[in-house]
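Comments concern the structure below.
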Amino acid sequence: MKPLSNKEIAYLLYEISVFYTMKDVPFKPMAYERASDAIESLKESVRDIYERGGMKALEEIDGVGKGIAEHLENLLKTGRLPEYDHLKKEFPVEVHELSEVPGVGAQTIKTLWKKLGIKNVAELEKAAKEGLVSKIKGFGVKTEQKILEGIAFMRSSGGRHLLGAVLPEARALEDTIKKFSGVEDALVCGSVRRRRETIGDIDIIAIGTDAEKIMAQFVALPGVAHIYGQGATKTNIRFGNGIDADLRVVPKRSFGAAVNYFTGSKSHNIALREIAQEKGWKLNEYGLFKRQATRPNDLSRSVGRAGDKRQGEGWEFVAGKTEKELYEKLGLSYIEPELREMTGEIEAAREGKLPALVGYHDLKGDLQTQTDWTDGADSIEDMARAAHTAGLEYIVITDHTRSLAMTGGADEAKLHRQMKEIEKLNAKFSQLPSPRIQLLSGAEVNIKKDGSLDIDDETLATLDCVGAAVHSHFTLEKKEQTERVIRAMKNPHVDIIFHLTGRLINRRKPIELDIDEVIATAKRTGTVLEIDAFPDRLDLNDEYIRKCVNAGVKMSIDSDAHSTEHFAVLEYGIAQARRGWATKEDIINTLSAHDLLTKLKKPKELRWK
DNA sequence: GCCGTTTTCGGCCCGACTGTTTTCAGTCG
């Protein structure tokens, strides 16, 4: 039996939470949901945690106490969760797919089950089309229509978009909104601002005085395909390209609080609110508030339709204009958006131990680029010029090697010819005022099934910088795959392992590796692990980067450029490195060409001491 | 069910929007 992943375990707990909501059991749903969230964001597998420290270690997981720890133990030992089975028997409904329909939550699922016996989306769609849903008390024609639209939308998009696809759109949208009449400032928040690998939707906060006028301009944008909701301060739309966007308008003094709230992550926000609460304060998207001395009770919960509430009645505004002052008032140092994932950033901020993250302008070189010598689109010279325009001082030319026949991979002779060409170009550039760019020779050497390389050591020794990568046999068993990669790392001429796991986000799974053993070998041999910045690779992921940082293993951030436009993707690699808590010192291509070459001339195992 | 600088009881993040119904429940982020 395949062991359950954290995601699957988290999902079971989430379903239990929904079941208890359906049963109207108080507080248990929240407890299960919190445990579910915590487990989903764990970096270590529940199984490993249990094997490492038993029940005690399980109970140390946020939101997991004695009860849920026992469930987990049961699940790990028997593969079953009696409480879940029991609840599922009572409500034999597909919570997973039903709750993915926008607008359908626990209470709706319960009502649909009780009144119409609906168990899944197909039955819901049928019932809605027959007009049965609108006949239920509390439901109407609009709700029924919304459910049908929700099902259609769910099918049309599904899944998350790559950061690389969304970020340019988000920036363009931000610029457009900044130019709206009545808008003073705007900022993209949400998972885009945290630079997650994949993005659900675009969240934008704007400061403005006439919110309704701003919303009217927003929904009138070209490309708007659907309006989910339009209110006085919050509007939610979908563009024709399948990307959803939320716009929220707030007063100027609340900009920082709103930006913080809508940047997330959700669990980070909850932690901040709890810190505020501990101090007897209140944190929401309008600011940080403390109770007014003369008004002991919270009067802000006045009745009336949403939007009529008078914010802050009985509460005194403490902070909210900037995020920095919010964190400061809460006794924390400022936390960069890329770190707000509840992986220890709150504790580090409290103790002033947050890392100085590698900056978006810190890269001086790019150690993986392909040219028209193999499967790249442009010449070495054009790539050099483009790299210079992108602000780089040097690039390594790393065309594919011979086993990759489909790319016209280079053999030893071709590599030697290319080295001559690089020399010639360097001589030419040194005569010109521009571009000031240095070319280094290299290769993306293929790691064969047994871990040997497809270029001889003599040739590798003459190259400035050698990367090796897996391009085949992606499905080897973990042990064999790990040994294969480790053998390549032990080659004294292999400076870097490119895109270690070979994953393609949403398309190809990562190869199976014992990551701790790989990282330990990288440390011992002085092999650098690359963060491939291409949007569908982002390989290493943030978790592995953090492991490298902690182990003192050096990394590079490379574009994997196959054309002159691709140097722009370096930004995504830097974002990924920041999400993995990497500093400038962890990334070797923040060094100058001279310093890097000096390092590369030393024996591998002594280089990074 | 979880949790503790009000720690073994008694709380549990917070607000906007929609639909449906006259004061609120449900969903979402």
Side-chain angles (χ1 to χ4, degrees), chain A residues 13 16-18 20-22 24-38 59-72 83 98-112 133-134 136-147 150 189-191 200-201 203 205 211 215 227-236 244 246-250 254 257-258 261-289 298 300-312 315 331:
Chain A
L13 296 177
I16 291 176
S17 136
V18 174
Y20 277 125
T21 310
M22 289 166 75
D24 291 320
V25 175
F27 302 114
K28 274 194 188 189
M30 181 164 34
Y32 277 96
E33 198 180 334
R34 291 194 111 184
S36 169
D37 285 348
E59 284 185 48
E60 276 166 18
I61 300 170
D62 261 349
V64 174
K66 206 159 177 293
I68 292 180
E70 275 169 15
H71 289 329
L72 294 176
E83 188 182 13
L98 283 169
S99 61
E100 268 179 25
V101 178
V104 174
Q107 297 304 335
T108 305
I109 292 173
K110 174 174 135 186
T111 307
L112 291 168
V133 173
S134 58
I136 304 172
K137 186 163 184 278
F139 288 59
V141 177
K142 275 197 166 178
T143 303
E144 187 171 76
Q145 203 50 41
K146 230 181 118 182
I147 285 173
C189 300
S191 52
D201 63 358
D203 295 300
I205 298 293
M215 294 310 182
I227 301 168
Y228 294 104
Q230 181 178 358
T233 69
K234 181 181 161 185
T235 292
N236 191 355
D244 291 342
D246 281 7
L247 177 64
R248 188 89 181 231
V249 177
V250 297
S254 301
Y261 179 57
F262 282 94
T263 295
S265 64
K266 192 178 170 188
S267 50
H268 177 92
N269 287 340
I270 290 174
L272 293 183
R273 286 183 176 194
E274 284 171 352
I275 294 172
Q277 250 190 350
E278 283 164 18
K279 295 178 187 288
W281 298 345
K282 179 175 81 166
L283 177 63
N284 59 30
E285 58 263 56
Y286 296 103
L288 185 62
F289 300 87
D298 177 3
S300 69
R301 286 181 166 276
S302 58
V303 290
R305 200 172 168 81
D308 294 344
K309 287 179 187 172
R310 293 285 167 265
Q311 267 300 321
W315 292 87

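Chain identifiers are assigned alphabetically (A, B, ...) following the order of the sequence lines, protein sequences preceding nucleic acid strands; residue numbering begins at 1 within each chain.
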Taking 4.0 Å as the cut-off, does a side-chain nitrogen or oxygen of [X] come that near to OP1 or OP2 on [N]?
X         : N       : result
Thr143(A) : dT18(B) : no
Lys137(A) : dT20(B) : no
Lys234(A) : dA16(B) : no
Tyr286(A) : dA16(B) : yes

> Say you draw a straight line from CE of Met22(A) to OG1 of Thr111(A); how long is it, rounded to the nearest 0.5 Å?
Replying inline: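 Nearest 0.5 Å value for the CE-OG1 distance: 8.5 Å.
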>> Return the pairing partner of dG29(B) with a 3.5 Å limit on both distances, Watson-Crick or G-U wobble; otherwise return none.
In response: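 dC14(B) is the nucleotide pairing with dG29(B).
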Grab the [atom1]-[atom2] distance between [X] and [N] for me, whole Å please.
X         : N       : atom1 : atom2 : value
Asn236(A) : dC17(B) : CG    : P     : 11 Å
Leu72(A)  : dG1(B)  : CG    : P     : 13 Å
Tyr228(A) : dG19(B) : OH    : P     : 14 Å
Ile275(A) : dC14(B) : CD1   : C1'   : 16 Å
Phe262(A) : dC28(B) : CZ    : P     : 15 Å
Met22(A)  : dG26(B) : CE    : C1'   : 14 Å
Ile109(A) : dC28(B) : CD1   : C1'   : 14 Å
Glu70(A)  : dG1(B)  : CD    : C1'   : 12 Å

Pairing residues for [X] by the salt bridge (Lys or Arg N to Asp or Glu O under 4.0 Å) criterion, not counting sequence neighbours:
X         : result
Glu70(A)  : Lys66(A)
Asp201(A) : none
Lys146(A) : none

Is [X] touching bases, backbone alone, or none of the nucleic acid, heavy atoms closer than 4.0 Å?
X         : answer
Thr108(A) : sugar-phosphate
Ala106(A) : sugar-phosphate
Val141(A) : sugar-phosphate
Val25(A)  : nothing
Pro26(A)  : nothing

On a whole-Å scale, what distance lies between the [atom1] atoms belonging to [N] and [M]?
N       : M       : atom1 : value
dC2(B)  : dT7(B)  : C1'   : 13 Å
dC13(B) : dC3(B)  : C1'   : 15 Å
dG1(B)  : dT5(B)  : C1'   : 24 Å
dC12(B) : dT6(B)  : C1'   : 15 Å
dG26(B) : dT20(B) : P     : 14 Å

>> Ignoring hydrogens and geometry beyond distance, is a side-chain donor-acceptor pair present between Tyr20(A) and Glu33(A) at under 3.5 Å?
In response: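 There is no such pair (donor and acceptor under 3.5 Å, judged by atom type) between the side chains of Tyr20(A) and Glu33(A).
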Please tell me which of the listed nucleotides, [options], lies nearest to the side chain of [X]?
X         : options                   : result
Ile270(A) : dT20(B), dT27(B), dC13(B) : dC13(B)
Lys142(A) : dT27(B), dG1(B), dT20(B)  : dT20(B)
Tyr261(A) : dG1(B), dC17(B), dG29(B)  : dG29(B)
Tyr32(A)  : dG1(B), dC12(B), dA16(B)  : dG1(B)
Ala31(A)  : dG15(B), dG1(B), dT27(B)  : dG1(B)
Asn284(A) : dG15(B), dG19(B), dC13(B) : dG15(B)

N/O donor-acceptor pair under 3.5 Å between [X] side chain and [Y] backbone:
X         : Y         : result
Thr21(A)  : Ser17(A)  : yes
Glu144(A) : Val133(A) : yes
Ser36(A)  : Tyr32(A)  : no

Pairs: protein N or O with nucleotides 4-9 of chain B N or O, under 3.5 Å:
none

> Quick one: on DNA chain B, does Lys146(A) or Gln107(A) contact a more 5' nucleotide (nearest heavy atom)?
Replying inline: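 Closer to the 5' end of DNA chain B: Lys146(A).
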> Considering heavy-atom distances to DNA chain B, does Tyr20(A) or Val101(A) have its closest nucleotide positioned more toward the 5' end?
Replying inline: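 Whichever sits nearer the 5' end wins; that is Tyr20(A).
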>> Would you say the base of dC12(B) stacks on Phe27(A) (centre-to-centre below 5.5 Å, plane angle below 30°)?
In response: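 Yes, the aromatic ring of Phe27(A) stacks with the base.
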>> Enumerate the side-chain hydrogen bond (donor to acceptor under 3.5 Å, both in side chains) contacts for residues 262-274 of chain A, please, sequence neighbours excluded, ordered by first and then second residue.
In response: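 Residue pairs with at least one partner in residues 262-274 of chain A: Arg34(A)-Glu274(A), Arg193(A)-Thr263(A), Ser265(A)-Ser267(A), His268(A)-Tyr327(A), His268(A)-Glu345(A).
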>> Quick test of your reading: applying salt bridge (Lys or Arg N to Asp or Glu O under 4.0 Å), list the pairs with at least one residue in residues 99-110 of chain A, sequence neighbours left out, ordered by first then second residue.
In response: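 Every salt bridge (Lys or Arg N to Asp or Glu O under 4.0 Å) pair that includes a residue of residues 99-110 of chain A, provided the two are not neighbours, is Asp24(A)-Lys110(A).
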